[in-house]
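Here's the structure, in structure tokens; my notes come after.
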Protein chains: 2
Amino acid sequence: MGNRGPTLEDVAREAGVSRATVSRVVNGVRNVAPEIQEAVRAAVARTGYAPNQAARSLVTRRTGAVALVLSATGGSFTARLFSDPFFGRVVDGVLPVLRERAVQPVLLVAESEPARLQLVDYLRRGGADGAVVVPLDEEDPLPGMLVAAGLPTVLFGRPRPGVRCGWVDLDNAAGARLAAEHLWASGRRRPATIAAPVSAPTARERLDGFTAALAALGAGPVPVERGRFTEESGRDAMARLLDRHPDIDAVFAANDLMARGACRHLAERGVAVPGSVAVVGFDDSVAARDSAPPLTTVRQPVEEMAAAMTGLLLEQLDAGAPGTGAKVFAPVLVVRESA
Amino acid sequence: MGNRGPTLEDVAREAGVSRATVSRVVNGVRNVAPEIQEAVRAAVARTGYAPNQAARSLVTRRTGAVALVLSATGGSFTARLFSDPFFGRVVDGVLPVLRERAVQPVLLVAESEPARLQLVDYLRRGGADGAVVVPLDEEDPLPGMLVAAGLPTVLFGRPRPGVRCGWVDLDNAAGARLAAEHLWASGRRRPATIAAPVSAPTARERLDGFTAALAALGAGPVPVERGRFTEESGRDAMARLLDRHPDIDAVFAANDLMARGACRHLAERGVAVPGSVAVVGFDDSVAARDSAPPLTTVRQPVEEMAAAMTGLLLEQLDAGAPGTGAKVFAPVLVVRESA
DNA sequence: ATGTTTCGGGAGAGCGCTCTCCCATGTGTC
DNA sequence: GACACATGGGAGAGCGCTCTCCCGAAACAT
């Protein structure tokens, strides 16, 4: 706006000192006599001075803001964004870390391709010093775009191959092991699994982790069917599983939605859950709690991961260059009624 | 970051023209020969130039960004923020308007008092050109702070007295009238209402609108009990209502939560809804759809209001000064099962 | 052929700030 | 008393951009 407020010059005149001195007082004070500091502070208050961030950024090359980017390639994004508590948990993890460092958190949503371009442009121009990115789809091009633009970036989840940036992720294999051990401990000896497309690294880890853990426990070969992370595909996979292996007594699905689909199919077939077949999901999404029965599932420590992600970004900013630091987190088993 | 990319100067050298010409091409082109434009564009592409927003803002006094501020004074804010679809609807209304004008939307959350101060500071320094604010509490001090800082501001909901800024709001009286007429039309002749604290202007409008509409229809005096917008208080108010006026056949609550509380109490007392007593809520929040039975309620055209709010802000920005334009919207009755 | 307008493009002055010099004082040492 | 040496604070050079001038050349009118 044209609201040209008072400038350093004005405050300096008011306080009877030089511009440089006011600047020293306003920022980290270095070698300024206490009485002068007082005079300057008084002048600042009197004039209602607020530093011009543009001018400051021009010389410091810093904005003092960090972007929290929520990106998705699918449609009706905001509806999902503001109904899945997952994002709230991310925000809850990110905010305190930023606040503590007096860095302004700025939420950016990229709900479409044009939005994504505009967003990258904004950040390239210097809209924020770095970005903490939560991509909702594995194929989201945004992380790659940001990294290519030279922006310090940290992802929630592993980056696609070729994209060099920081990230945090869940130890998916460990999560699958938790599920396997829980099922085994509760006496299930013929478990199967509903995996997801091989293209998703996350899904492969969960599958491999599950079979490896069961092998270690002494189980035989584990029947596997693939879904596409949707409830419908989980339902279909369950049907195939049951047709081919009528004796299975447990199912581990690579996400909650598919687990829910599996439950639905089991209910349709009149198979008791967890009586005859136990079901374990993954993610602890809303779907898990709302299912019938409520799903036993593997939960990510989202707040912790988000906080760590933010920490990694701040490290990059302190270092003055994009980095590739990463952290892997341990999952937690949430036992509800389905297993 | 220290990523000092190419500057106008570099591009100018590359293209064999002056800084000014490159600037002309990069921004709205004015009087530049087509072949030179082409040369400049090629140079931009070759160098990977991105304008430095700080430098640009320093002279234009514009950032090209608008803040969408979500503010609340209560605790556990983000949990609420990311589970109530209301905010998703606001965002859905705001984004398209901003995108169309190539203005970068920036979401800011103010979940605590320190956060609020930091946010105002950020905006005063020139973090964005203006703010579209969604205060969740009537007593939220943030709008006042922003207006006092001279920032172009538009509120969702009427500002508190003394705060001069733009706003959009729902015609609450009209909404209450919709409820009254619906109840009357369905044969209810002894309606009561659960109002909210007199301090909330919104609530007063709903109460007055309801009683006025009923008076116009020829109804007798309307029993009134007050709640505090919570489910529990709605339940208690319903209990008092029923104790004092056992013959009532309809209840209009000033929000969905209280309506739900009322339903719960009616169920506890074994009173059929809507059989014996019809219940109408207000807001069409999640609570309305999830209630048993699903609530008939008065809905705000949130997306439309958010879009209008954004339009008002852009008008202020075009005018170059904060303004006080406002718009009032007509509510919509959503008939479900409770009335 | 000269004067007048139009149009394209360059020069250069800032925007408000930070930060590196550098100078003017004090303070300590022999 | 002469020297070194902290220490506080001012001067001024940019940071990268926009935008107002201004000038040269081409197009038109006289």
Side-chain angles (χ1 to χ4, degrees), chain A residues 1-41 43-44 47-65 121-122 124-127 129 320, chain B residues 1-41 43-44 47-65 121-122 124-127 129 320:
Chain A
M1 301 300 331
N3 66 3
R4 55 179 65 247
T7 71
L8 262 196
E9 193 74 51
D10 299 324
V11 179
R13 203 178 314 114
E14 179 79 17
V17 296
S18 76
R19 241 182 20 247
T21 301
V22 179
S23 178
R24 287 189 187 104
V25 174
V26 171
N27 305 334
V29 192
R30 192 199 54 177
N31 291 352
V32 178
E35 68 267 23
I36 297 219
Q37 285 189 39
E38 213 27 69
V40 170
R41 267 187 246 287
V44 167
T47 53
Y49 171 74
N52 179 318
Q53 185 60 46
R56 179 179 279 175
S57 293
L58 190 52
V59 26
T60 61
R61 308 181 160 283
R62 285 295 206 107
T63 65
D121 222 55
Y122 177 70
R124 287 217 321 152
R125 285 164 140 79
D129 297 326
Chain B
M1 301 298 329
N3 68 359
R4 54 178 66 247
T7 71
L8 260 197
E9 193 75 50
D10 299 324
V11 179
R13 204 178 314 114
E14 179 79 17
V17 297
S18 76
R19 242 181 21 248
T21 301
V22 180
S23 177
R24 286 188 187 105
V25 174
V26 170
N27 305 334
V29 192
R30 193 200 50 178
N31 289 353
V32 179
E35 68 268 23
I36 297 219
Q37 284 189 39
E38 213 27 70
V40 170
R41 266 187 247 286
V44 167
T47 54
Y49 171 74
N52 179 319
Q53 185 59 47
R56 179 180 278 175
S57 293
L58 189 53
V59 27
T60 60
R61 305 178 165 284
R62 285 295 205 107
T63 65
D121 223 54
Y122 177 70
R124 286 216 324 151
R125 287 164 138 79
D129 297 327

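- Listed nucleotides dC21(C), dC17(C), dG16(D) differ in distance to Arg24(A); the shortest reach to its side chain belongs to dC21(C).
- In this view, Ala55(B) and Leu58(A), Asn52(B) satisfy the side-chain contact (heavy atoms from CB on, under 4.5 Å) rule, not counting sequence neighbours.
- Nearest to the side chain of Arg61(B), among dC15(C), dT18(D), dG9(D), sits dC15(C).
- Listed by chain and residue number, Glu9(A) satisfy the side-chain hydrogen bond (donor to acceptor under 3.5 Å, both in side chains) test with Arg19(A) (two or more places apart in sequence, or in another chain).
- For the segment residues 15-23 of chain B, the set of residues with a heavy atom within less than 4.0 Å of an atom of DNA chain C comprises Val17(B), Ser18(B), Arg19(B), Ala20(B), Thr21(B), in numerical order.
- Residues forming a side-chain contact (heavy atoms from CB on, under 4.5 Å) with Glu38(A) (at least two apart in sequence, or on another chain): Arg41(A).
- The stretch residues 48-56 of chain B touches DNA chain D through Tyr49(B), Pro51(B), Asn52(B), Ala55(B), Arg56(B), each having a heavy atom under 4.0 angstrom from the strand.
- The C1' atoms of five pairs define one axis at each end of the helix from dG3(C)-dC28(D) to dC30(C)-dG1(D), and these two axes lie 40° apart (to 10°).
- Picking from dG16(C), dT18(D), dG9(C) the nucleotide with the shortest atom distance to the side chain of Leu58(B) gives dG16(C).
- Not counting sequence neighbours, the partners of Arg125(B) by the side-chain contact (heavy atoms from CB on, under 4.5 Å) test are Pro51(A), Gln53(A), Arg56(A), Asp121(B).
- Every residue two or more places apart in sequence or in another chain that forms a side-chain contact (heavy atoms from CB on, under 4.5 Å) with Thr47(B) is listed here: Pro6(B), Val11(B), Glu14(B), Tyr49(B).
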Protein-nucleotides 5-7 of chain C N/O pairs under 3.5 Å:
none

